[in-house]
Number of protein chains: 2
Amino acid sequence: MTGNTRFAASVHVLAYLAYKSGAQVTSAEIASSVDTNPVVIRRLLSALVNAQLVTGHKGVGGGFGLASAPANITLLDIYRAVEPQPDHGLDRFTPNHKCPVGARIETILRTAFLKAQTSMEAELACISLEDVHQQLKHVCTGKR
Amino acid sequence: MTGNTRFAASVHVLAYLAYKSGAQVTSAEIASSVDTNPVVIRRLLSALVNAQLVTGHKGVGGGFGLASAPANITLLDIYRAVEPQPDHGLDRFTPNHKCPVGARIETILRTAFLKAQTSMEAELACISLEDVHQQLKHVCTGKR
DNA sequence: GATATCGTAACAATGGTGGTTACATAATTT
DNA sequence: AAATTATGTAACCACCATTGTTACGATATC
């Protein structure tokens with residue numbers, strides 16, 4: 001186990017919206033696809049609406065839909081919408097500054113982590129929701 | 001906050017061993033530099049010994065030392081020694097397989113996460129403990 | 001006005017993380 | 001061999017993030 005399921009679930013949510021292209025989809029319907037509680041989905045959608053990846057409407061016939069074409073939404077957009085800025089534990093890592101190593105290691109680690117993070121994000125930026133949508137249609141899972 | 005402090009602390013530990021080049025260093029001394037409990041340090045060192053990055057010796061005059069030259073140890077080696085294989089929450093993410101999206105999204109996400117992870121690890125592989133050691137000596141922190 | 005739906009607070013259950021104590025094991029020194 | 005020093009690791013605790021759940025107010029449609 002590592003990390004939370006927010007990013008995975010959010011990609012699922014947006015993939016589902018792409019799959020239902022254009023329609024207004026309720027949190028209950030999405031929750032059924034993700035197999036979780038509608039409130040959990042609405043929490044994610046709240047962040048996604050905030051990031052302007054999704055639009056939501058209340059009331060009868062309401063629900064959620066993509067705010068942009070799938071080709072214009074990358075996994076990095078989704079990642080940034082629902083994940084806090086990762087720090088690899090640096091905020092809880094408080095070495096002894098009286099030690100020459102402890103005094104300087106944080107700066108060095110910060111630089112290294114930033115490089116790693118930037119590289120990972122660049123990879124996520126290369127994958128669009130449209131790519132995911134295409135794979136959804138063509139991937140043969142070989143399961144069941 | 002994101003993630004644990006094991007990787008950051010482990011890099012600190014190895015940087016400290018590089019700093020004390022060759023000497024046998026006790027877990028208590030390292031703990032003082034990291035500002036934590038010696039048992040926490042020994043837990044990390046246990047993993048690092050297992051990964052053959054460090055050697056340890058019991059008894060009077062015992063302690064720990066690097067198993068290789070700093071130039072031969074990369075941050076990726078350290079990362080892999082102390083962090084479990086990250087899955088971005090995929091093991092707890094169990095969508096409804098009766099839904100066409102839920103049935104296929106896991107495979108797609110696995111592929112995407114693997115790309116991102118591989119990219120990040122490649123970046124960590126580019127930084128050696130020797131690099132960190134050099135920075136330790138030259139970095140001007142500008143603090144205080 | 002009734003109904004459907006979102007938005008969000010509040011709370012519980014679970015599990016990971018880090019700190020601490022305790023103690024067995026092993027190596028060195030005398 | 002006995003004392004000392006240090007590792008190795010189990011056990012336990014406190015803390016916090018994550019997720020699921022209930023509840024309920026707000027809002028849009030019919």
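Below, chains carry the letters A, B, ... as their sequence lines are ordered, and counting in each starts from 1. What you are looking at is a predicted structure, and each value in this text was computed from that prediction instead of being measured.
- Distances shown here put every side-chain N or O of A:Arg42 at or beyond 4.0 Å from the OP1 or OP2 atom of C:dT8.
- Of the candidate nucleotides C:dG7, C:dG18, C:dT21, C:dT21 has the atom nearest to the side chain of B:Val39.
- One interatomic measurement links the two molecules: CD of B:Gln24 to C1' of D:dT5, which rounds to 13 Å at whole-angstrom precision.
- For A:Ser119 and B:Ser119, the side-chain atoms include at least one donor-acceptor pair closer than 3.5 Å.
- Within the 4.5 Å cutoff, the side chain of B:Tyr16 has heavy atoms near those of the A:Cys99 side chain.
- Counted by atom type alone, A:Glu106 and B:His12 present zero donor-acceptor pairs between their side chains at under 3.5 Å.
- Within the 4.5 Å cutoff, the side chain of B:Leu129 has heavy atoms near those of the B:Leu66 side chain.
- The six-membered or imidazole ring of B:His88 lies away from that of B:Phe93, with a centre-to-centre distance of 6.0 Å or more.
- When distances run from any side-chain atom of A:Thr26 to the nucleotides C:dG7, C:dG18, C:dT5, the shortest one goes to C:dT5.
- The side chain of B:Arg92 sits closest to D:dT18 out of D:dC30, D:dT18, C:dC6.
- Contact annotation: A:Thr36 side-chain N/O to D:dG20 OP1/OP2 distance is under 4.0 Å.
- A distance of 10.5 Å separates CG in A:Leu53 from CG in A:Leu17, rounded to the nearest 0.5 Å.
- Look at NZ on A:Lys58: it is 10 Å from P on C:dC6, rounded to the nearest Å.
- Between the CZ atom of B:Phe7 and the C1' atom of C:dT17 there is a distance of 18 Å, given to the nearest Å.
- Take the nearest nucleotide of DNA chain D for A:Thr5 and for B:Gly63: the residue whose nucleotide is more 5' is B:Gly63.
- Between the CD atom of A:Glu29 and the P atom of C:dA4 there is a distance of 16 Å, given to the nearest Å.
- The nearest whole Å value for the distance from the NE2 atom in A:His88 to the P atom in C:dG16 is 20 Å.
- Atom C1' of nucleotide D:dT19 and atom CG of A:Leu44 are separated by 10 Å, given to the nearest angstrom.
- Along DNA chain D, the nucleotide closest to A:Pro84 and the one closest to A:His57 are compared, and the more 5′ of them pairs with A:Pro84.
- Considering only side-chain atoms of A:Asn37, the nucleotide from C:dT20, D:dT19, D:dT22 that sits closest is D:dT22.
- Distance CZ (A:Phe64) to P (C:dT5): 11 Å, rounded to an integer number of Å.
- Comparing the axis of the opening five pairs of the helix from C:dG1-D:dC30 to C:dT30-D:dA1 with that of the closing five pairs yields an angle of 10°, rounded to 10°.
- Comparing C:dT3, D:dT9, D:dT21 by their closest approach to the side chain of B:Ser46 singles out D:dT9.
- Distance CZ/A:Arg42 to CG/A:Leu48: 14.5 Å, rounded to 0.5 Å.
- Residue-to-nucleotide contacts include a donor-acceptor pair under 3.5 Å from the side chain of A:Arg43 to the base of D:dG20.
- One interatomic measurement links the two molecules: CZ of A:Arg6 to C1' of D:dT19, which rounds to 10 Å at whole-angstrom precision.
- In plain terms, the two heavy atoms of B:Pro84 and B:Arg6 that are nearest each other are CD-NH2, 3.9 Å.
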